[in-house]
2 protein chains.
Amino acid sequence: MPRPEIDIAGVFAPHDHKTCASRALDEAEARLLAEGARLTPVRRRTLEILLESHRALGAYDVLDRLAAEGFGRQPPVAYRALEFLVQHGLAHRLQRLNAFTACLHPGSDHNPAFLICRSCDKIAEANAGEVREALADVAGHGGFRVERATIEALGLCNACAEAEA
Amino acid sequence: MPRPEIDIAGVFAPHDHKTCASRALDEAEARLLAEGARLTPVRRRTLEILLESHRALGAYDVLDRLAAEGFGRQPPVAYRALEFLVQHGLAHRLQRLNAFTACLHPGSDHNPAFLICRSCDKIAEANAGEVREALADVAGHGGFRVERATIEALGLCNACAEAEA
DNA sequence: TTCTCCATGTTACAGAATAACAAGTCAACC
DNA sequence: GGTTGACTTGTTATTCTGTAACATGGAGAA
Ligand SMILES: [Zn+2]
Ligand SMILES: [Zn+2]
Ligand SMILES: [Zn+2]
Ligand SMILES: [Zn+2]
């Protein structure tokens, strides 16, 4: 049971998202405290914006929100905040989407596989341990040493699959 | 033995690349013939350009080459040719790099994992069967059905690892 | 206090991708 | 042979994404 409270199904099913989000925010604060990094107003607000849903937002979507709330309105404002969050494990970047999503369990170090529902656009993080193992294995047979890997799956979540039927 | 002639190590090690490339081109022609699609001059040239190395090229790199050879010099020229190649399985798009690379064995249907060497920038395709299986497995436990997946690994190839040492 | 680090903001630009339209090619069909 | 219709290639213009370079301001250390 690697991730006790939030799991894949939990993201896609209706749930008490307020609790879900505030828990993630708490964990984020704890982690930054431990690392001695500062969760400044822009950064905090950026994280909150990402945490509003389980979807991914483009940098410019975030920027619009920030600008509307009185922060700077130039791209670097958003990109810097997002980069900070990603670097401290509080958010993830989705390569397929050129977009960012909040990490739901920033407490634990991880490197998840992403599950992107093509219907509701929500995003779940899956434990990628075995996937990475399989990847390292096949790569290793060819003499290639994997250092980092992007694993992003597009598909249909349970809730949307039921809705379609 | 799913892929007999070109394997991961074969890409990174010195090899007779002319043969390597012309074989891929031949397979590409055969495949298009079977599908009833046309390998027009721009498309063919685009594929040849990609086949010149095992690296990935950005759309604008390709465009520069095409323009210099008398083809159109506007972005859609390159993007359309590349999209055609990708859609017919003759090239792949690397999400991490915003770039394209020729497929080395377009004959067989496949959906590889990509191994990107951070030192020499070469790219190999690895059989992703077991990786996808592991991914489908972990996703399935959360009720998520994977339809397509991006698997891109960054690391160090054998040749570059030896060179570093 | 003063100095330094870091964070925030700006302007300006670079890089990646697509929308919308015009014109040419080519084979099928009358 | 000429016409039609699908496809291909080309253009202009615009949008979306991301970064470089520089100026300002605050909070803590010396
Ligand atoms: Zn939630
Ligand atoms: Zn869904
Ligand atoms: Zn080769
Ligand atoms: Zn290498």
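Reckoned from all heavy atoms, side chains included, excluding hydrogens, waters and symmetry mates. Numbers restart at 1 for each chain; the letters A, B, ... are given by sequence-line order, proteins then strands.
Of the candidates D:dG10, C:dA12, C:dA7, D:dG10 carries the atom nearest the B:Phe71 side chain, counting heavy atoms from C-beta on. When distances run from any side-chain atom of A:Val42 to the nucleotides D:dG10, C:dG9, D:dG18, the shortest one goes to C:dG9. Taking only side-chain atoms of A:Tyr60, from C-beta outward, the nucleotide of D:dG18, D:dT12, D:dG10 with the closest atom is D:dG18. Distance from the side chain of A:Pro75 is smallest to C:dA12 among C:dA12, D:dT8, C:dA7.
Distances shorter than 4.0 Å separate none of the side-chain N or O atoms of A:Arg73 from OP1 or OP2 on C:dT11. Regarding contacts with the backbone of D:dG18, a side-chain N or O of A:Asn98 is found under 4.0 angstrom from either OP1 or OP2. The shortest distance between the side-chain N/O atoms of A:Tyr79 and the OP1/OP2 oxygens of D:dG18 is below 4.0 Å. The side chain of A:Arg43 places an N or O atom within less than 4.0 Å of a non-bridging phosphate oxygen (OP1 or OP2) of C:dT8.
As a whole-Å value, the separation of B:Glu83 CD from C:dA19 C1' is 13 Å. In this entry the distance linking CG of B:Leu97 with P of C:dA17 reads 11 Å, nearest Å. As a whole-Å value, the separation of A:Arg45 CZ from C:dT8 P is 15 Å. Atom C1' of nucleotide D:dC7 and atom NE2 of B:His88 are separated by 12 Å, given to the nearest angstrom. In this structure, CG of B:Leu82 is placed 12 Å from C1' of C:dA16, rounded to the nearest angstrom. Per the geometry, CG belonging to A:Asp61 stands 7 Å off P belonging to D:dT17, to the nearest Å. Remark: C1' of D:dT8 and CG of B:Leu85 are 14 Å apart, rounded to the nearest angstrom. When the C1' atom of D:dT8 is taken as reference, atom CD of B:Gln74 falls 16 Å away, rounded to whole Å.
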Evaluate the side-chain contact (heavy atoms from CB on, under 4.5 Å) criterion for residues B:Leu32 and B:Phe84: first the C-alpha distance (whole Å), next the side-chain angles of each, then the deciding distance (0.1 Å), finally the verdict. CA-CA 11 Å; B:Leu32 287 185; B:Phe84 172 89; 4.0 Å; yes

Salt bridge (Lys or Arg N to Asp or Glu O under 4.0 Å) for B:Arg93 and B:Glu83? Distances and angles first, verdict last. CA-CA 9 Å; B:Arg93 173 184 208 123; B:Glu83 188 191 9; over 6 Å; no

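For CZ of A:Arg73, the number of neighbouring non-hydrogen atoms (other residues, nucleotides, ligands) closer than 6.0 Å is 12 at most. Sparse packing is recorded around CZ of A:Arg145, with 12 or fewer heavy atoms of other residues, nucleotides or ligands lying under 6.0 Å away.
Between B:Phe100 and B:His92, a ring centre-to-centre spacing not shorter than 6.0 Å is recorded.
Counting heavy atoms from C-beta outward, B:Arg65 and B:Glu52 have side chains that approach closer than 4.5 Å. Counting heavy atoms from C-beta on, the side chains of B:Val11 and B:Leu104 come closer than 4.5 Å.
One N or O donor and one acceptor, one from the side chain of A:Arg80 and one from the base of C:dG9, sit under 3.5 Å apart.
For A:Arg132 (side chain) and A:Asn111 (main-chain N/O), a donor-acceptor pair under 3.5 Å exists by modelled atom type.
Remark on the helix from C:dT1-D:dA30 to C:dC30-D:dG1: inter-end axis angle 10°, axes from five-pair C1' superpositions, rounded to 10°.
B:Arg93 comes within contact range of the sugar-phosphate backbone alone, with a heavy-atom separation under 4.0 Å but no base atom that close. Using a 4.0 Å heavy-atom distance criterion, A:Arg38 is classed as a sugar-phosphate-only contact.
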